[in-house]
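Structure record follows, encoded as structure tokens.
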Protein chains: 2
Amino acid sequence: MQNAPRKARNSATSTRRKSAAVTIHEVAQRAGVSPMTVSRVVNGNANVRAATRELVMRTVRELNYTPNAAARSLAAASGTRIALIYTNPSSAYLSELLVGALDGASKAATQLVLDTWDHMTRATERAAARKIAQSVAGVILPPPLCESKAVCSELVAAGIPVVAIASGRFQPDISGVRIDDFRAAQEMTEHLLSFGHSRIAFIKGHPNQTASALRYEGFQAAMAAAGVPVDPTLVQQGFFTYRSGLEAAEKLLARKKPPTAIFASNDDMAAAAVSVAHRRGMDVPRDISVVGFDDTPTATTVWPELTTIRQPIAAMAASSIDLLLRSIRRRKDGEARVVVDHVVAHVLVKRDSVAAPAPG
Amino acid sequence: MQNAPRKARNSATSTRRKSAAVTIHEVAQRAGVSPMTVSRVVNGNANVRAATRELVMRTVRELNYTPNAAARSLAAASGTRIALIYTNPSSAYLSELLVGALDGASKAATQLVLDTWDHMTRATERAAARKIAQSVAGVILPPPLCESKAVCSELVAAGIPVVAIASGRFQPDISGVRIDDFRAAQEMTEHLLSFGHSRIAFIKGHPNQTASALRYEGFQAAMAAAGVPVDPTLVQQGFFTYRSGLEAAEKLLARKKPPTAIFASNDDMAAAAVSVAHRRGMDVPRDISVVGFDDTPTATTVWPELTTIRQPIAAMAASSIDLLLRSIRRRKDGEARVVVDHVVAHVLVKRDSVAAPAPG
DNA sequence: GAGCGTAGTGATAGCGCTATCAAAATTCAA
DNA sequence: TTGAATTTTGATAGCGCTATCACTACGCTC
């Protein structure tokens with residue numbers, strides 16, 4: 001018994017509303033393949049002949065096709081959601097991080113979910129990690145969360161891929177996207193030395209982040225290489241906050257023989273150092289040079305603008321999404337977990353906060 | 001040549017993956033109605049008999065049913081993408097804006113796309129607006145873009161809903177989510193007056209943003225209401241940047257009889273004022289009080305922390321998404337465009353930058 | 001040459017929901 | 001009481017995508 005013969009779908013006959021967006025069918029038709037093949041290419045997944053892949057990709061580009069995220073997550077039922085978990089909401093590079101992550105996510109038609117974990121104990125962190133592991137397919141961890149053994153181990157145990165972003169050191173269990181903090185600090189120190197500075201003070205970062213140690217080690221290494229001794233009284237502990245920078249700089253500049261340059265482990269502390277110098281009637285950079293690290297908005301907000309190290313956070317975030325997506329796919333295909341350490345280039349940005357030390 | 005006998009589909013036999021969530025079908029079955037009726041009830045939409053509605057709602061509650069956002073947006077084909085366009089990447093509240101927008105978007109299974117428009121002429125803005133209008137169903141516009149006639153008119157002409165966020169003044173054509181800048185500035189001024197200040201300086205915001213004018217007017221109104229004359233030489237033009245705050249504060253504090261309080265139109269300029277005060281050997285708040293506006297991270301970064309007006313940007317962004325989605329739906333239903341002006345509550349946050357003026 | 005893997009591709013059937021329209025139930029007018 | 005107007009409900013057909021599996025080539029072994 002034949003069923004209703006109504007069949008000819010789509011085209012313009014549908015009574016249904018029409019969304020203007022390009023669909024996978026149009027791409028398929030144009031490329032002369034089946035929608036399924038397009039899907040495979042777009043997802044970089046299965047085995048598609050190189051020639052076919054090439055053709056489809058070109059068509060996708062021509063038509064400017066973007067997968068519909070809703071349809072995708074509905075069909076896959078696997079809701080490819082990636083969580084970005086952050087702790088300190090006022091962290092200076094948060095917006096750049098978000099912009100980058102969102103950009104990467106939207107290019108890949110992946111849903112990005114945000115989560116703030118504040119004031120957590122190790123136990124609640126564990127619980128939160130377990131919970132998030134059930135609702136997303138991957139996690140991006142900026143510092144200081146990526147340093148938390150509790151969080152990482154829980155996530156790894158749950159089998160979900162994790163990417164640590166801007167964590168100082170490569171961790172054996174989880175992938176990372178970062179700059180070479182050691183090398184960057186070394187270069188910055190060399191920059192200062194090249195101006196003739198030798199009494200260079202250093203304000204350390206928060207001790208719970210490996211990047212802090214690396215930056216300090218880079219500083220030490222450059223000083224040692226130049227044969228300039230590091231005066232231990234010119235090394236102050238900071239915590240990456242403006243406040244801590246204020247205190248550290250205060251101690252540094254209250255000395256009868258203050259340093260001629262201050263290397264702060266991040267921009268906020270450097271800005272604080274500038275503020276303290278001003279309060280004491282010193283001109284920056286004439287009386288003292290100050291440099292920071294990270295190139296956050298703070299660096300260009302204060303006056304004079306800070307010489308600093310640029311971390312391409314947005315690009316790093318976008319590439320974290322890529323990395324994560326690849327891991328997720330691999331995992332779904334039953335392949336073994338692969339841990340990647342992606343080191344991206346930093347840039348020494350020279351602005352107006354460095355000059356040669358005053359003679360004498 | 002018999003084919004594979006796999007046949008018995010659906011029900012629990014489906015070879016397809018299974019998502020654990022309760023579906024509309026289960027609710028329908030349990031309630032003894034059709035899925036369509038459940039859909040209607042859940043969407044509060046059409047005409048459903050009260051008794052039926054009641055029954056369905058009870059069942060929904062019993063089963064703890066939550067609509068699948070992906071399926072919903074797919075079926076409704078409701079423009080799934082919303083654009084958030086911003087200009088100044090280092091704008092202090094960008095991250096809060098992003099967090100809020102992303103949160104709202106993910107709750108509604110809407111795709112959020114970001115776009116940066118920098119260094120644009122009126123012509124390129126027009127072109128960009130026309131282009132974006134083709135690829136998204138709605139647009140969120142933070143300042144200063146929401147003040148651009150070119151952008152707004154182009155978008156409105158294309159018929160796509162627009163929400164201006166934190167724009168000072170209600171615009172006839174487009175919906176807005178904002179605080180009452182006038183009232184907020186008024187309250188802040190009253191706060192200063194209540195401490196006994198009368199020589200209050202004001203640093204104005206960028207003249208291209210209506211919020212600037214409103215804040216200034218609020219200041220004037222409060223002064224007038226208190227019968228305190230505004231010294232015109234104590235009013236400086238700023239541009240919302242730290243640098244402009246620096247210059248304005250410099251002029252203000254160089255006077256032989258400096259003000260006892262400075263009301264800056266945003267936090268960055270207030271922070272600059274603090275810095276200038278410090279440089280001149282003045283203590284904040286003992287020698288001079290300084291207040292800001294917006295409650296951006298800057299407000300709590302500097303020392304002392306700034307008394308300021310909190311704009312709940314994240315919440316405003318989330319509610320912009322809601323507003324937009326509703327407009328999009330209305331538009332699809334062929335209903336007339338409705339323009340909403342949503343004014344949310346601000347908060348006067350008292351911190352450490354205000355004290356009574358020094359006697360004498 | 002029959003048998004049997006193995007890449008590469010396509011046909012089919014949904015994922016959970018809603019638009020559409022027809023059918024059924026109800027109300028109302030005459 | 002009956003026919004018409006109205007309200008309420010349900011059956012059906014997709015939204016755009018992907019999981020699954022059948023099928024086609026093309027090797028390869030024995």
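In what follows, chains carry the letters A, B, and so on, assigned in the order in which the sequence lines appear, proteins first and then strands, with residues in each chain numbered from 1.
OP1 or OP2 of C:dT18 has at least one side-chain nitrogen or oxygen of B:R72 nearer than 4.0 Å. Within the 4.0 Å cut-off from OP1 or OP2 of C:dG16, not a single side-chain nitrogen or oxygen of B:T23 is found. Remark: A:S39 is in phosphate contact with D:dT18, judged by side-chain N or O atoms under 4.0 Å from OP1 or OP2. Applying the 4.0 Å criterion to OP1 and OP2 of D:dT8, one finds that B:N47 has a side-chain N or O inside that range. In this structure, B:S34 does not reach the D:dT9 phosphate: none of its side-chain N or O atoms is under 4.0 Å from OP1 or OP2.
Between the CD atom of B:Q29 and the C1' atom of C:dC17 there is a distance of 17 Å, rounded to whole Å. Note: CZ (A:R40) to C1' (D:dC17) measures 13 Å, nearest angstrom. The distance from atom CD1 of B:I24 to atom C1' of D:dT12 is 15 Å, rounded to the nearest whole Å. When rounded to the nearest whole Å, the span between CZ of B:R53 and C1' of D:dT7 equals 13 Å. If you measure from atom CG of A:L74 to atom P of C:dG14, you get 14 Å, rounded to the nearest angstrom. The separation between B:H25 atom NE2 and C:dT18 atom C1' is 11 Å, rounded to whole Å.
At least one donor-acceptor pair closer than 3.5 Å links the side chain of A:E26 to the backbone N or O of A:T23. Not one N or O on the side chain of A:S167 forms a donor-acceptor pair closer than 3.5 Å with the backbone of A:A164.
Annotation for B:E62: atom CD counts as buried by contact number, over 12 foreign heavy atoms lying within 6.0 Å.
For the 3.5 Å distance criterion, the side chains of A:T37 and A:R53 fail to qualify, holding no donor opposite an acceptor.
Here the side chain of B:R49 is nearest to one of C:dG16, C:dT9, D:dT9, namely D:dT9.
For the pair A:M36 and B:V33, both in contact range of DNA chain D, the more 5′-proximal nearest nucleotide belongs to B:V33. With the nearest nucleotide of DNA chain D identified for both B:T52 and B:A71, B:T52 has the one nearer the 5' end.
Rounded to 10 degrees, the angle between the two end axes of the helix from C:dG1-D:dC30 to C:dA30-D:dT1 is 40°, with five pairs used at each end.
Among all heavy-atom pairs drawn from A:I165 and A:I313, the shortest one is CD1-O, 4.4 Å.
Residues A:R337 and A:D173 are not paired through a salt bridge, judged by the lack of any N-O separation under 4.0 Å between the basic side chain and the carboxylate.
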